[in-house]
Structures are given as structure tokens and as C-alpha cells.
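Reading through the C-alpha cells given below for one structure.
Numbers restart at 1 for each chain; the letters A, B, ... are given by sequence-line order, proteins then strands.
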Number of protein chains: 2
Amino acid sequence: MKRATLRDIAQSLGVTVATVSRALKNYPDISATTKQTVLATAERMHYAPHPLAVKLRQKSYRVVGVVVPDIVHPFFSDVISGIIEVVEALGYHVILSQSNESYEKEIRVTQMLLATGVDGLLVCLSNETVDVGHLRALQDYDLPVVLFDKINSGLDASTVVTNDFQGAYDAVTHLLDQGYTRVAHIKGPPHPENTRQRFAGYRAALAAYGLPFRPEYVGECHAVTHSEGVTFARQFMALPEPPDSLFAVTDSVAIGAITALREGGWRVPQDMAVIGFSDWAVCQLMEPSISSVAQPGYEIGRRASELLLREIQQLRDEQPLEHDHLVLDATIKIRQSSQRPAIR
Amino acid sequence: MKRATLRDIAQSLGVTVATVSRALKNYPDISATTKQTVLATAERMHYAPHPLAVKLRQKSYRVVGVVVPDIVHPFFSDVISGIIEVVEALGYHVILSQSNESYEKEIRVTQMLLATGVDGLLVCLSNETVDVGHLRALQDYDLPVVLFDKINSGLDASTVVTNDFQGAYDAVTHLLDQGYTRVAHIKGPPHPENTRQRFAGYRAALAAYGLPFRPEYVGECHAVTHSEGVTFARQFMALPEPPDSLFAVTDSVAIGAITALREGGWRVPQDMAVIGFSDWAVCQLMEPSISSVAQPGYEIGRRASELLLREIQQLRDEQPLEHDHLVLDATIKIRQSSQRPAIR
DNA sequence: ATGAAAGCGCTAACAT
DNA sequence: ATGTTAGCGCTTTCAT
């Protein structure tokens, strides 16, 4: 059936649209009978207000755009889930896009989002992105932008990130506290700030315990994959004085390393303790269960949304935008893979 | 800076909004000079058309709503990814909501989506949902709805699902073809059609190979968790004539079972072959790697979107809506856990 | 080549 | 208690 409008109801009742509009919205100055008839016909005609007309009139769209590099990733699913939780509670909706880690596509989807009329944008930059002119352009259109996880200081915007440094520091400290002294690290590539921070946390923890930094105990990934974990673990086992423990930049690398260790006849954690980063669901299912550093994805989504909604409100009130920079703690999850067996 | 409108440009140039509108859209009957100046001022004023005004005028919103029970789930991430791929290529956007497997919330979010003015809806029903009156109501508002994965025959709508029966049948056949004859099954609860189909596929495969159905080889989960896998595997091991292989309704159950088997001193696949369902990423990472049945999530997202967009178009053309019912094949991924060792 | 005017569907200030 | 009117920002037909 064709969608009914206020006018349809008004005409069929011989009143004006204004009356109908008021009747439907419980305005005080409306006769009980009129209200009744209007409500009844509206019901009968399956009337529903045209959302676009309402929004145009009220200048509020109530939609925020979200751009992540890759939806099919547990961390981003968590973030998105947190975002939806917060914004829906305030009657907002979420339009979701992905950049597929492509700078080109990121520009394209942010443009599309602007053209769709979102009230604000939550963005996790792609790994390729170094220039943020496209986001600055959005801000020029009075569109608030909040960055999370992968951020860029070139943009004057609120940011919400995990404390990768602290997470890494805690992970390594957990190893050192148990008496391990030769802690290896498989680090990520130099570009994303996140993995660089993890490396920094690793070095800082060693330094805090007065241990030397040994370059031969560090491997640098390019793609951050399972197979790189395999490669570096083999390398470590072949050293004249091999490490006794390993902090890997991600869980997939940690799992790759464990695979290689096992093939080489090394037991985990007896011959080498291992701790990863990200706390994927697999960590709990593997044997041994894998220790890892959990990122507060859901919380990042919530906090970033709160900041964005605040800025949207400030914009509406014609107040200056206040930016914030949140750094949320990561939590180490200690499981079997990193627990030193009792000393006999 | 305040957002510029057509009128702003028109006034600053001493022309009408109509002229500006035409100049910006490359209409033929517009002087080159006017076009130049308009374009220049538009640029200077950072003009961008107001999306809501355009959409209201053109009666096209170009947004589809998506409702899934839980975003943080690899299968749904895949589906969403497929949806976004297809609809963005046609200039549409995706508004995402989750029902958290709650019937109440499903009603709430579908209503919100209607109120937001989406052009159509892609829905995976919550496990709680038995009545689909809320979706029928949407259809009454001329809102096309396509169901995927968890569907309900009570609604006259297009559907896209995995062929759970065939996937299960193939999984069990794969075991039987290798000479296993005592195939156990840990099934899901009776309600969601999907897991019932898997059970049906299991029985059909046994029947096709002339094997008896043995109730003692079947366990029924309530929550479909890792720990239920543990419980049933222990039960199977304790049987006087234990099964030689197992088809589990999901990967988490399969992994639970493997854990229990290992604890009980049983080797996988030597003492019991195991195959799961869903093909989570973990399956490749575990040792032994776990065989599983892959659901075509991405493809489901694509196909469901295509059906929905077709219906949206048909509605616009005032043609009758054509419904389709697609059943996409699942693919068995054979890995170590289900491969019978060579017979010596 | 450009302007004037109507209208998408709704709201709200101002009448009566 | 209800009607009138003006607009939200844009597109498009019909004039000129």
C-alpha cells in the first residue's frame, strides 16, 4: 500500500495538516474527539511520519558514520558493538563502512558518508593513511570527527586509543617477575604507532629491570602473520643462547611461534614462555591456553561515541568543540603459555 | 564555518537558486561564465548539497538496515562485509543494529530502523523470535524485508540460507567414506532450524550408507558451548562400544570434545576423528588442525543484498515484489582432525 | 540563459 | 480548538 502522508489523513477528515500533526503529537490545544478520529484514521491508513521530512525540518539526522579498516576482525567487531550500544541509546543510528586498509577507499567512503549527511564520524585510519586532508575537509564542513585505535596527530580531533605501551610493559613485566631474564620480542612493522608502542613497552620493561636490550632477541614482522611467528621462533631456537620467553606483537604471531617451538621439540611454557597481544578467542581454546593482552575494544567504541556525541551537541549549541584524548588501559590475561612451572 | 546553502551562493552572486542549482549540475542551458563563477563561489564557500533535502526531493534515501543477533561473531562479520560490498557499489549505505538474540530488542530496533527511513531491511532473526508480526508490520509500510540465516516461514519474504543439511551430510559422508562406521553427533537444541538441519543431514548420511541410527551416539546441547563438547565426549568415551568419529554441531563444541578426548588419553584423529561446523579461524591454528564445514557468510550477505535491492527497485517501479529463496552450499574443509591415518 | 514558482512532507509561530 | 502561513534546502517545470 502507498505510504500515507499527513495530507492524506487531513483530506480524508476535512481538516488541515497542522491539526493532524498536532493531534498525533499530543498537543494540549486539541479536542479529544479530533484526536481520537485522527489517531484512528492514522492507524487505519498505516501512517508513519516520513523520516526525511522530519529530519530536514528539525535539522537533525541522528546518524553517525563509522569507518574501520576491516569489519571481519574481532577487535573492530567489539568496537562497533560498543558504538552501537551508546549511540542507539540516544536514538542515533550507525552507518558502517570499511576502508579495507586502503587510503583510496578511505577517502571514498568518508566522502560518501559526508554526502549521506551523517552528523559525525568515528574513524580508525587505514594503515596506508599518512595524510589526513580528507578528514580535515570534513571538519571544514562542520562534521565532527573522532579517531580511534589508529590515529594521526595531524588532525585536530578527539582520539581514543589502547595504551599499547602499558599493555606491552605489563606483559613483559609479568614474564620478568617470574624470573625469566631472556625475553624475546617479535615486533610489528615500524609504521602503525600501535605496534611501535608495544615495542617501546618491551624495551622499557627490560630497562626497568636492569636487563640489557639484545637485538638478536628481536624479530621484525612485515605482514604480522602466523608464518612470521614460525620463522622468528626458529631463529630464536637456533641462537647460541636462546631466549627463555617471548612477547609477540599479536596472537597470530604468538601461535605461529608456538607451532614452531613445538615442532622443534620445545615445550610451552616449560622451555619457552609465550604471551601474545589482542586476546583473541582462540587464546582460551588452544592447548596450552595462551596468555595475551586484551584491548578494550568495546570500551573504546563507547568512549569514542560519547566524545563524538558531545561534539555533535556542542556544534548544535554553537559552542566551541572540545577535543579529548583518551588512552585506555589494556589488561593482561595470564594463562598457561606464560606461567613458569613451579621451581623444583 | 556554517554550512553554505544554494541560497547563500545565489545571494552572494545576485542570481536565483535555480541558476545555481543548474550551474552546479552541468545543465546545458547555462552560460559558461555563470557556471564558472558559481562553481568558484561554491568551492570558496565549501558548499555541499544538503543530503536530506536532496533525498526528500528525490524520494530516495539509499540506505538499507541490517539486523543481526550479534555483531561480534565471525559469521555475521562476514555477512555484513558482503552486504556492504554490494550495497555501497550501488551508492547505498548500511545502518547496522543488533538484537542481542532478544525478541524485544529485535522489535525495538526494527521499529527504529523504520522510523529512520531505510529503504529496506536485511534481518537475521534472533533465536527467541517465533512470531514475525513486527516484520509483517514493516512490509505493510512498503518496506521490503529479506531474511537470512535464521529465517521464519511465517513471513512472506525472500530468504537466503546456508544448506546446513548438505553441509552436515557432506561432513558425515566424508567420515563414512574413510571407513568410519560409528559416527557420533553432538547436536544443537531443537529450536533454530539450522542445527536441526545439521542433525537431519547426519541421519540422512547414516541412512544412505545403511548404518543404524544409535541414540547413544547423539548428545544434545542446550547452550552449544565448549563445555558441552567436553561433557558429551566424556560420555562417548565411557560407552561400552564408543564411537570412532564425531560430527559436532559447531566448532566450539568440537574443540571442547577434542580437549576432553585428549584428557582421556584419546588421540585425534587416530582414536576418534572429529569434524566441526562453521570453520572458525581457530580451526586452522589448532593442533591438530580441525576439519569443519564452512558457511558462505560473505556470499549470503551479497545475495541477500541483491535480492533486497531488487525488491527496492521493484517497489520504486511499482511492480509486484518477487520473492526468492536461496540455499547456498556449505563447503567441507578437510584438515587433520578428521583424516584417517593410512591403514598399515 | 535565467527567473519564478510549486512542491517533497513536515513543523511551528502566529493568527482567529 | 483549529486554520493560515512560512519555511527546512533542494529540484524541476514552465515562463520569459
Side-chain angles (χ1 to χ4, degrees), chain A residues 1-39 41-42 45-63 114-119 141-143 316, chain B residues 1-39 41-42 45-63 114-119 141-143 316:
Chain A
M1 107 209 35
K2 266 280 68 40
R3 201 176 182 116
T5 69
L6 281 189
R7 180 159 51 181
D8 296 333
I9 301 179
Q11 281 178 344
S12 89
L13 256 54
V15 295
T16 64
V17 290
T19 308
V20 178
S21 173
R22 281 186 280 235
L24 291 173
K25 314 185 76 189
N26 277 319
Y27 267 56
D29 306 354
I30 203 85
S31 79
T33 41
T34 325
K35 196 184 313 197
Q36 282 313 314
T37 20
V38 168
L39 253 50
T41 26
M45 293 177 122
H46 285 288
Y47 170 80
H50 189 119
L52 264 37
V54 178
K55 288 164 196 289
L56 173 60
R57 187 63 232 265
Q58 308 195 323
K59 297 178 166 307
S60 87
Y61 189 62
R62 308 223 145 217
V63 170
L114 166 68
T116 309
V118 296
D119 295 316
Y141 285 112
D142 267 344
L143 197 64
R316 211 162 271 158
Chain B
M1 111 209 32
K2 269 271 78 36
R3 199 175 183 118
T5 71
L6 281 190
R7 181 158 50 179
D8 296 333
I9 302 179
Q11 281 178 342
S12 89
L13 257 52
V15 295
T16 64
V17 289
T19 308
V20 178
S21 173
R22 280 186 282 234
L24 290 172
K25 316 186 74 191
N26 277 320
Y27 269 54
D29 303 357
I30 204 85
S31 80
T33 42
T34 324
K35 197 185 305 192
Q36 281 313 316
T37 19
V38 169
L39 253 53
T41 24
M45 295 176 117
H46 286 287
Y47 170 81
H50 189 120
L52 263 37
V54 177
K55 288 164 196 291
L56 174 61
R57 185 62 230 264
Q58 306 192 325
K59 299 179 164 306
S60 86
Y61 190 62
R62 307 222 146 220
V63 169
L114 167 68
T116 310
V118 296
D119 295 315
Y141 284 113
D142 267 347
L143 196 63
R316 210 161 271 157

I want to check one thing: is the phosphate of [N], taken as OP1 and OP2, less than 4.0 Å away from some side-chain N or O of [X]?
X: B/T34; N: C/dA1; value: no
X: A/Y61; N: D/dG9; value: no
X: A/R7; N: C/dC8; value: yes
X: A/K59; N: D/dG9; value: yes
X: B/Y27; N: D/dT12; value: yes

What pairs with [X] under side-chain contact (heavy atoms from CB on, under 4.5 Å), at least two apart in sequence or on another chain?
X: A/S21; value: A/L6, A/K25
X: B/R316; value: B/S60, B/R62, B/Y92, B/D119, B/I312, B/Q313
X: A/T37; value: A/L13

Note: contacts of residues 14-24 of chain B with DNA chain C (heavy atom, under 4.0 Å) are B/G14, B/V15, B/T16, B/A18, B/T19, B/R22

The side chain to side chain contact (heavy atoms under 4.5 Å, CB included) partner of B/V20 among B/I9, B/D8, B/T5 is B/I9

Run B/L56 and A/H50 through side chain to side chain contact (heavy atoms under 4.5 Å, CB included) and show every step you take. CA-CA 9 Å; B/L56 174 61; A/H50 189 119; 4.2 Å; yes

Separation of [N] [atom2] from [X] [atom1] (nearest whole Å):
X: B/L6; N: D/dC10; atom1: CG; atom2: P; result: 4 Å
X: B/I9; N: D/dC10; atom1: CD1; atom2: P; result: 8 Å
X: A/Q58; N: D/dG7; atom1: CD; atom2: P; result: 18 Å
X: A/I30; N: D/dT2; atom1: CD1; atom2: P; result: 5 Å
X: B/Y47; N: D/dG9; atom1: OH; atom2: P; result: 10 Å
X: A/L52; N: D/dC10; atom1: CG; atom2: P; result: 14 Å
X: B/K35; N: C/dA1; atom1: NZ; atom2: P; result: 10 Å
X: B/H50; N: D/dG7; atom1: NE2; atom2: P; result: 18 Å

- When we call it a touch if two heavy atoms are under 4.0 Å apart, what does B/K55 touch: a base, just sugar-phosphate, or nothing? nothing

side-chain hydrogen bond (donor to acceptor under 3.5 Å, both in side chains) partners for [X], two or more places apart:
X: A/Y47; result: none
X: A/T116; result: B/H93
X: A/S12; result: none

Next item on the list: Compare the minimum distances between each of D/dT12, C/dC8, C/dT2 and the side chain of B/S31, then state the nucleotide with the smallest one.
Entry: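 Nucleotide nearest to B/S31's side chain: C/dT2.
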
Using the side-chain heavy atoms of A/D29, tell me which of these nucleotides is nearest: C/dG9, D/dC10, D/dT2.
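It is D/dT2.
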
| message | Ring-plane angle category for A/Y61 and B/Y61, please: parallel below 30°, perpendicular beyond 60°, tilted otherwise. | response |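 It falls in the tilted class, 30° to 60°.
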
Test side chain to side chain contact (heavy atoms under 4.5 Å, CB included) on A/K59 and B/L52; report intermediate values, then the result.
CA-CA 9 Å; A/K59 297 178 166 307; B/L52 263 37; over 6 Å; no

So the stems of DNA chain C, runs of at least three Watson-Crick or G-U pairs (under 3.5 Å), are C:1-16 with D:1-16

